[in-house]
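Keep in mind that the numbers below use all heavy atoms, side chains included, and drop hydrogens, waters and symmetry copies.
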Amino acid sequence: MTTQQHRVRVAVVQAASVILDQEASTEKAVSLTLQAAEKGARLVVFPEAFIPAYPRGLSFGTKIGSRTPEGRKDWLRYWENAVPVPSETTERLGEAARKAGVYLVIGVIERDNECSGGTVYCTALFFGPDGTLLGKHRKLKPTASERIVWGEGDGSTLPVFDTPFGRIGALICWENYMPLARTAMYAKGVQIYIAPTADARDVWQSTIRHIAVEGRCFVLSCNQYVTKDMYPNDLACYDELASSPHEMSSGGSAVVGPLGDYIVEPVFGCEDMLIADLDMRDIAYSQLDFDVVGHYARPDVFQLLVNEEKKESVKWWKPTPLA
């Protein structure tokens with residue numbers, strides 16, 4: 001690990017996508033990244049599915065046993081605005097990280113460019129301050145109706161990255177309710193635990209505070225603030241939003257220290273940029289009485305097996321040899 005610097009300023013960006021517009025959402029992310037750097041941030045975090053959108057309130061015309069042509073039109077629009085990795089969009093994000101001199105973590109909807117091209121994933125991308133795409137994490141288990149539109153990640157994208165100020169990693173939204181996924185992150189030594197989310201409920205605050213005190217790590221929780229009038233009104237299934245409230249996602253982004261106390265209290269009801277100064281020595285300070293994978297672990301009783309091999313999407317297919 002690199003020699004650790006004790007203090008780091010981080011920025012948690014609570015902002016809305018330009019919904020279903022990859023180009024405009026990317027431009028917004030670039031602008032906000034540069035603004036965060038002007039405030040002295042060295043790590044900048046964006047919400048789940050920031051590019052091109054978390055499609056809250058949309059069904060894409062799906063019911064068990066049927067789909068509609070209008071829903072397929074909205075799906076096609078979502079797919080067309082998803083982000084291949086790598087692509088021109090990831091190059092722009094990397095250039096923003098380089099220009100700002102920051103580590104950048106941002107949620108995107110990733111369009112598969114390795115196999116069929118038809119699947120999209122809920123993904124967190126990690127960029128270094130030199131602009132390099134360090135890696136990605138694909139959400140392991142989309143929640144409820146998310147499974148209609150997102151594929152499942154695998155264990156090959158569970159990275160934790162060394163930085164001069166500590167190890168960073170991410171689990172997305174309700175993956176954070178998977179105890180073994182959290183344990184895998186702790187076992188990799190995560191110190192700044194990034195939790196992009198679409199969950200604005202009060203109980204989510206209990207979750208992130210529990211993770212911080214369980215993992216003895218800093219938790220950066222980042223959500224969007226979204227109102228219904230931000231949706232394009234030319235969606236084929238726009239009428240599905242009729243019963244939705246004006247405030248589609250109220251936010252709730254926050255920064256929590258390794259004893260479970262807020263460093264920045266949750267912000268609701270607006271777009272905002274949360275700035276926090278982290279003292280990385282607070283982690284060791286907190287570990288006097290609890291270290292989940294250290295002196296408080298019982299590897300003689302419990303063991304964790306993580307399959308980090310890449311899942312073969314077409315494992316069942318074998319070419320027929322030519323005669």
Side-chain angles (χ1 to χ4, degrees), residues 4-17 25-48 50-51 93-94 96-107 124-129 131 134 161 163-170 172 190-200 204-205 207-209 211-213 215-226 249-283 285-286:
Q4 186 166 319
Q5 299 171 7
H6 291 318
R7 295 183 180 275
V8 61
R9 176 167 288 188
V10 301
V12 174
V13 181
Q14 178 164 291
S17 312
S25 294
T26 302
E27 188 60 37
K28 185 171 183 177
V30 168
S31 175
L32 289 169
T33 298
L34 296 176
Q35 290 177 40
E38 290 174 358
K39 296 177 182 290
R42 297 186 59 206
L43 170 63
V44 182
V45 176
F46 281 82
E48 177 182 15
F50 188 78
I51 305 173
L93 293 170
R98 187 200 64 78
K99 187 174 181 180
V102 300
Y103 286 88
L104 170 63
V105 183
I106 184 168
L125 300 180
F126 297 79
F127 296 89
L134 300 174
F161 298 101
T163 75
F165 45 81
R167 294 189 181 104
I168 63 172
I172 302 169
V190 67
Q191 295 172 299
I192 300 178
Y193 186 119
I194 298 164
T197 189
D199 193 339
W204 177 254
Q205 300 302 319
T207 298
I208 60 175
R209 295 185 70 183
I211 291 170
V213 76
R216 291 301 202 256
C217 53
F218 292 97
V219 176
L220 278 52
S221 178
C222 190
N223 195 6
Q224 299 193 37
Y225 175 76
V226 182
S249 177
S250 61
S253 301
V255 180
V256 186
L259 285 175
D261 300 317
Y262 285 118
I263 297 173
V264 180
E265 298 258 349
V267 174
F268 292 98
C270 63
E271 290 190 298
D272 202 354
M273 183 179 295
L274 287 62
I275 301 294
D277 293 310
L278 311 185
D279 186 338
M280 302 305 294
R281 295 171 297 184
D282 286 349
I283 293 175
Y285 176 88
S286 73

What's the shortest heavy-atom distance between [X] and [Y], and which atoms?
X: C222; Y: P47; result: SG-N, 3.4 Å
X: A96; Y: T33; result: O-CG2, 4.2 Å
X: F50; Y: A29; result: CE2-CB, 3.9 Å
X: G251; Y: A200; result: O-CB, 3.4 Å
X: A170; Y: F126; result: CB-CZ, 3.7 Å
X: A124; Y: I172; result: N-CD1, 3.8 Å

Stepwise side chain to side chain contact (heavy atoms under 4.5 Å, CB included) check, T207 with I211: CA-CA 6 Å; T207 298; I211 291 170; 4.0 Å; yes

Distance (rounded to the nearest 0.5 Å) between [X] [atom1] and [Y] [atom2]:
X: L43; Y: L104; atom1: CG; atom2: CG; value: 8.5 Å
X: T26; Y: I51; atom1: OG1; atom2: CD1; value: 3.5 Å
X: Y285; Y: D279; atom1: OH; atom2: CG; value: 11.0 Å
X: S221; Y: Q205; atom1: OG; atom2: CD; value: 6.5 Å

Please tell me if the side chains of [X] and [Y] come closer than 4.5 Å, counting only heavy atoms from C-beta onward.
X: C217; Y: P258; value: no
X: V13; Y: V44; value: yes
X: V105; Y: F46; value: no
X: L220; Y: I192; value: yes
X: S17; Y: Q224; value: yes
X: F218; Y: I263; value: yes
X: L93; Y: F127; value: yes

Test side chain to side chain contact (heavy atoms under 4.5 Å, CB included) applied to R42 - qualifying residues, sequence neighbours left out: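 Only Q5, V8, P164, F165 meet the side chain to side chain contact (heavy atoms under 4.5 Å, CB included) criterion with R42.
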
Between [X] and [Y], is there a donor-acceptor pair closer than 3.5 Å when you use the side chain of the first and the backbone of the second?
X: E271; Y: Y225; value: no
X: K28; Y: A16; value: yes
X: S286; Y: L259; value: no
X: R167; Y: Q191; value: no
X: Q14; Y: G252; value: yes
X: R209; Y: G260; value: yes

Flag for E27-S31: side-chain donor and acceptor within less than 3.5 Å: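 No pair is found: no donor N or O on one side chain lies under 3.5 Å from an acceptor on the other.
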
L34 and K99: CA distance, side-chain angles, deciding distance, side chain to side chain contact (heavy atoms under 4.5 Å, CB included) verdict: CA-CA 8 Å; L34 296 176; K99 187 174 181 180; 4.1 Å; yes

Check against side chain to side chain contact (heavy atoms under 4.5 Å, CB included), M273 and K39: CA-CA 10 Å; M273 183 179 295; K39 296 177 182 290; 3.7 Å; yes

Positive for side chain to side chain contact (heavy atoms under 4.5 Å, CB included) with V12, one of V267, L274, D272, I275: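 Considering V267, L274, D272, I275, a side chain to side chain contact (heavy atoms under 4.5 Å, CB included) with V12 is found only for L274.
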
Residues I106, V45; criterion side chain to side chain contact (heavy atoms under 4.5 Å, CB included); working and verdict: CA-CA 6 Å; I106 184 168; V45 176; over 6 Å; no

